[in-house]
Structures are given as structure tokens and as C-alpha cells.
K.L.:
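Got a structure for you, written out below as C-alpha cells; questions coming shortly.
Note on naming: letters A, B, ... go to the chains in the order of the sequence lines (proteins, then strands), and numbering restarts at 1 for each one.
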2 protein chains.
Amino acid sequence: MHPTNLLIRKLECFHPLSGADRALLESISKPIIEVPARHDLVQEGETPENVFLIVSGFACRYKLTAEGRRQIMAFFVPGDFCDFQVFILNQMDHNIGTLSRCHVVEMSREDIVTLTEHPAIGRAFWWASLVDAAVLREWIVNLGQRSAYERIAHLLSELLIRLRVVGQVRDNSSYTLPITQGDLAETMGLTIVTANRVLMKLREKGLITVSGRELIIHDVKALESESGFDPKYLHLQQYASPL
Amino acid sequence: MHPTNLLIRKLECFHPLSGADRALLESISKPIIEVPARHDLVQEGETPENVFLIVSGFACRYKLTAEGRRQIMAFFVPGDFCDFQVFILNQMDHNIGTLSRCHVVEMSREDIVTLTEHPAIGRAFWWASLVDAAVLREWIVNLGQRSAYERIAHLLSELLIRLRVVGQVRDNSSYTLPITQGDLAETMGLTIVTANRVLMKLREKGLITVSGRELIIHDVKALESESGFDPKYLHLQQYASPL
DNA sequence: CGCCAGTTTGAGTGCGATCAAAACTAGTGG
DNA sequence: CCACTAGTTTTGATCGCACTCAAACTGGCG
């Protein structure tokens, strides 16, 4: 599959693109780069000239505190741009790194500028970055107001929707979550022990099954209602409900 | 003082504006509206056509959870735009409301479009919104990794810098913080009792004094180091250090 | 002067952290 | 094919920060 197909699919959640716009996106022919797990794509303090489009695997934004603890602030899943806009700032204030092995496409500032000169594409990119910000806000609510159990249930619910948009969900309820429980803990502001106990509880309740890196959600409605999940903040115009 | 002066001052932290650009911003003559405390400027579900520029007072972004708890996700201080970009989305996924009595200027979508047609102003607006996102990310770190004491010390440190940029700090260490301890708790993901005990501790340690809504920071360095505060994420080019 | 929002204090509880170790898994090389 | 290893998951025991509930205090305002 062409690397921008996922991107196109995601952008069209906002508004259909014209054939010309789709063709333009598909005309991008950049090498697909394989990046191992736990490898930084961009580091704090750098002035990145390029942005990365995730084709497969999971990446994240993260910061390290003075005490060496890591807080993950965003997940990047297939079809996501890692920060197509931060490059207006002179210096990265955080890192972007892979969680799993990833395939990425690297695009230059000029590539982005060329694309955004097409109004529909520019608008779609802007929209995508506003949704990123909306997700960030919802994560604040997650960290500030919800229990460990609710936080994790909420994240799993969110990922189900985001991955469905880019066709990475099987049977409407199952997807690959290629991260460790340690990564999950660092995302949710919890310890690895608590993250593990929450996952156990979700399994005991029969809500999910985890085997290898495959997650099966047996009761989507329950997961959503127990975590207070409401997909409105993802601002999807379509694909919001199961296909 | 002209209502856009604070805005100009803030935008120039990024890059100096030309006289023409400054003049354009100063030529805006919109009525200054007084809004009482605890009053919503924009509500969830709405499709706002206008954005608000805060001239005085504090406002915030917030969400209410299903259980009726409030999480504040951002502070708006004088010189800040409440969401000049969210209006590309069809529906607000959160509320914007005042914390204290505020003076605001309401600007239409057309006003913003007119302004952003000037490249330097457009770039400065974009920059400001990227800094907003950077603050949001740092708040995630705050909520996820720091103790109640560190969180509040960090917030007070951040506000010192942000308010200094717009000339709202006296003696390099004192500013008006027109919010209740309840608001503070809802910002930090804490209860009001914990927020109060942290403030007491900060006072016992001699780091701050609070009287009325006036905050005096007696030891900025200590406050910053105890909270792991590093102003890099605010991306200031100037005003970063005391004037 | 009384009212009310906001602040302060106290007592008890519990969620999630910490510390520690065992069990499992997958990848590696003999 | 099987030890060996490193990373990850799981479990147990204890601790403490922050929550909850409750009540008293303070200060501004009509």
C-alpha cells in the first residue's frame, strides 16, 4: 500500500479531498524508512527541518523530567504526522521517539509547504493539528480527573477510534498495541505496577484480552462508559461509528 | 492603554513587528467588554464565530466530566487570545470561561483573517498558538509526574514568566492571581484541601506570600528549582529573564 | 450585623507508589 | 535444541500522599 493512503484516509475524515488533491498526495514518492523501537526521531533542543509521517508502528512525544522520569504526551499511530507544525519554533522542547519498530516517511519543510499551498490540503492539515491539540486537552482531563482504571480504559477507547479511522482495527474491536506496560504507565502518569494491575482487572472483568501485542476489546460500550469516553473531542465527521 | 498593546508585546517576544504591523494592530478599535467572574465566553457544542482577546483578568479553558467535576486545561491571561484557531473546527469540545472579572475584546473571523494576511502577524499568531500547545504539553508533565507541591510551584513559576511578558509583574516577583484555591485545585487535578495545604506549606517555607489576590514570590529560584521549572517550553526570545 | 463564598484545620481512609522478587517470554548463541 | 540472557509481566507487602468528610474560621459585602 502506498504510504500516504493512511494519511489521505485520515484527512478525509474532515472533508473529502478532490481527485487532484488525492493524486498530489499519492504522487509523493519518498523512501520508506524502517526505524527500530525506542529510537528517537527528533530530540529536544534540535531544530528539525523535516517531519515524519508514520506508516506503521507507534511513536510518541515525550519529555524527561530532571529526575529522569519519562512522560509520554502523545501517541502517533499510522497516518499521523509527527509535528508538521512544530518546525516553526526554533527549538524542540520535547523528544519524538518510536515505541515499536516503525516505518516512516521523512518529508522536508518544502514538501509540506508545497502541499499546504493547496487550500483543501492545507485546511485538512490544520484540522489534523487542531485535533491533536484536542486530544492533548482530553489527556489533561484524563490525568487530572480520572482514576488509573478509567485512564487506561479511556486510552484504549480512544485508540480504537483513531486506529479504526486508518483501517488498523479488525472486527471493529481488535488492534495491535505495540507498546509495553511500562510505556503505558509513562503515558498515564502511573507506575508500571499499577498499569499492570489495571490491565489484569480489565481482563478479569472480561472487557479485554491481551495476547502478545494484540488487544481484543470484548465490550466496547462498557469500556467507553466506565471511562467516561466521549469521541466528540476527536472531531470526526465520518468513521466515527463502526464501519 | 490600548487593548492590543499587551498582544503586541506578547507577539514581539517571538519576532519584532514592523511599524506598519504594529500600527495595524493598534488600529483595531473594538469595544472593550466587561465580563463578570465565572461567566462563559464560549460553551461546549457551540460553533463560535468570534474569538476573544483578554485585556484584563484571568479566563480559562475547561471541561466538565460526566460526574460534574471540572478540569481547567489552560489559563488565559492579559494579552492572550482565547482560541483564535479553534473556530476552524465545527464544534467546541470544551468551554471557555472567566475566572475573575475580565475585560475582553471580541474579534470576528474576518478580523483575524485580515490580520493574518500580513505575514509577520500571521506568523506571530501561529507561533503564539504553538506556544499554547507547548504549555499544554508541559501541563501534561505536571499532572503526570509531579507531586501536588511541585505542580503548584511550577504553575506559579510559569505564570510569573507569562505575566512578566505582558508587564503584569511588579518588582520582578509579584503579580495578581485572581483565582480561588478551588480554581487552582481544578487546574492541578487536586482537591481544594490539598491545594490549600500546599499553599500553606509554600508560605511556611517563606517562598510566597498571598494577601487578597496578590501573590508575592520571595524566592523565585527556589520555587523554580523545587518544581523542576525550566522556561524553555515557553519559547521566549526575549523577556525571558527579569527586565 | 448577618450572610456567604472562600479558606483553614482535623481525622480517617484508600488509591496508587515503592520496594522486592518471582514468573514468564523472546531472542541469542553454543 | 537447549541453556543463557535481557526485557517484560506478574505478584506480594508496605507506605504515604492526596482524597474524603466534616467543621470551624475569615473576610468582604449588602
K.L.:
Taking 4.0 Å as the cut-off, does a side-chain nitrogen or oxygen of A/Arg203 come that near to OP1 or OP2 on D/dT10?
P.N.:
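Yes, within the criterion.
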K.L.:
Using whole Å, report how far CE of A/Met188 lies from C1' of C/dA17.
P.N.:
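Checked: the CE to C1' distance equals 17 Å.
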K.L.:
Within this structure, what is the OH-to-C1' distance between B/Tyr149 and D/dC19, rounded to whole angstrom?
P.N.:
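For the pair B/Tyr149 OH and D/dC19 C1', the rounded distance is 21 Å.
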K.L.:
Do the charged groups of A/Arg69 and A/Glu186 touch, with an N to O distance under 4.0 Å?
P.N.:
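No, this pair does not count.
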K.L.:
Working to the nearest 0.5 angstrom, can you tell me the gap between A/Ile140 CD1 and B/His94 NE2?
P.N.:
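NE2 of B/His94 is found 11.5 Å from CD1 of A/Ile140.
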K.L.:
Using atom CD1 of A/Ile208 as one end and atom P of D/dT9 as the other, report the distance to the nearest whole Å.
P.N.:
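After rounding, the gap between these two atoms is 12 Å.
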K.L.:
May I ask you to evaluate whether A/Arg146 reaches the phosphate of C/dG16, defined as a side-chain N or O under 4.0 Å from OP1 or OP2?
P.N.:
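False: A/Arg146 side-chain N/O out of range (4.0 Å or more) of C/dG16 OP1/OP2.
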K.L.:
Counting only side-chain nitrogens and oxygens, does A/Thr194 get under 4.0 Å of the OP1 or OP2 atom of C/dG16?
P.N.:
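So the side chain of A/Thr194 is outside the cut-off, no N or O lying under 4.0 Å from OP1 or OP2 of C/dG16.
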K.L.:
Let me know, please, whether B/Arg38 or B/Met200 comes out on the 5' side of the other along DNA chain C by nearest nucleotide.
P.N.:
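Result of the comparison: B/Arg38.
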K.L.:
For a quick check of understanding: with a heavy-atom distance under 4.0 Å over all strands, which category does A/Gly189 fall into, base, sugar-phosphate or nothing?
P.N.:
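Sugar-phosphate, backbone atoms only, no base.
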K.L.:
Please report, rounded to the nearest Å, how far the C1' atom of C/dG6 is from the CG atom of B/Asp183.
P.N.:
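So the CG-C1' distance, B/Asp183 to C/dG6, works out to 11 Å.
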K.L.:
Name the residue closer to the 5' end of DNA chain C, choosing between A/Gly212 and A/Ser147 according to the nucleotide with the nearest heavy atom.
P.N.:
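Comparing both residues, the 5'-ward one is A/Ser147.
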K.L.:
For a 4.5 angstrom cut-off between non-hydrogen side-chain atoms, does B/Val105 reach B/Phe52?
P.N.:
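No, every pair of side-chain atoms sits at 4.5 Å or beyond.
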K.L.:
Hey, are the side chains of A/Ile72 and A/Phe75 touching, using non-hydrogen atoms and a 4.5 Å cut-off?
P.N.:
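Yes, at least one pair of side-chain atoms sits under 4.5 Å.
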K.L.:
Output yes when a side-chain donor or acceptor of A/Ser227 lies under 3.5 Å from a complementary backbone atom of A/Leu223, and no otherwise.
P.N.:
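Looks like yes, one N/O pair under 3.5 Å.
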K.L.:
Describe the nucleic acid contact of A/Leu199 in one word from base, sugar-phosphate, nothing, applying a heavy-atom distance below 4.0 Å.
P.N.:
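Result for A/Leu199 = nothing.
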K.L.:
Under 4.0 Å from OP1 or OP2 of D/dT9: is there any side-chain N or O of A/Arg213 that close?
P.N.:
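Yes, such a contact exists.
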K.L.:
Rounded to whole Å, how long is the line connecting atom CD1 of B/Ile192 with atom P of D/dC17?
P.N.:
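Rounding to the nearest Å, CD1 of B/Ile192 and P of D/dC17 are 21 Å apart.
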K.L.:
How many whole angstroms separate atom CD of B/Glu67 from atom C1' of D/dT20?
P.N.:
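One finds 16 Å between C1' of D/dT20 and CD of B/Glu67, rounded.
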K.L.:
In this structure, how many angstroms lie between the P atom of D/dT8 and the CG atom of A/Leu184, rounded?
P.N.:
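After rounding, the gap between these two atoms is 13 Å.
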K.L.:
Side chain of A/Arg197, base of D/dG12: donor and acceptor closer than 3.5 Å?
P.N.:
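Answer yes: a donor N or O sits under 3.5 Å from an acceptor.
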K.L.:
Consider the side chain of A/Arg69, meaning its heavy atoms from C-beta on, and name the nucleotide among C/dT7, C/dT18, C/dG10 that approaches it most closely.
P.N.:
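Among the listed nucleotides, the one closest to the side chain of A/Arg69 is C/dT18.
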K.L.:
Taking atom P of D/dG28 as reference, at what distance in whole Å does atom CD of B/Glu214 sit?
P.N.:
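In whole Å, D/dG28 P and B/Glu214 CD are 13 Å from each other.
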K.L.:
Students often get this wrong, so: under 4.0 angstrom with heavy atoms, is B/Thr191 touching a base, only sugar-phosphate, or nothing?
P.N.:
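Base, at least one base atom sits under 4.0 Å.
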K.L.:
Between D/dT9 and A/Asn196, is there an OP1 or OP2 to side-chain N/O distance shorter than 4.0 Å?
P.N.:
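For D/dT9, OP1/OP2 do not have a side-chain N/O of A/Asn196 under 4.0 Å.
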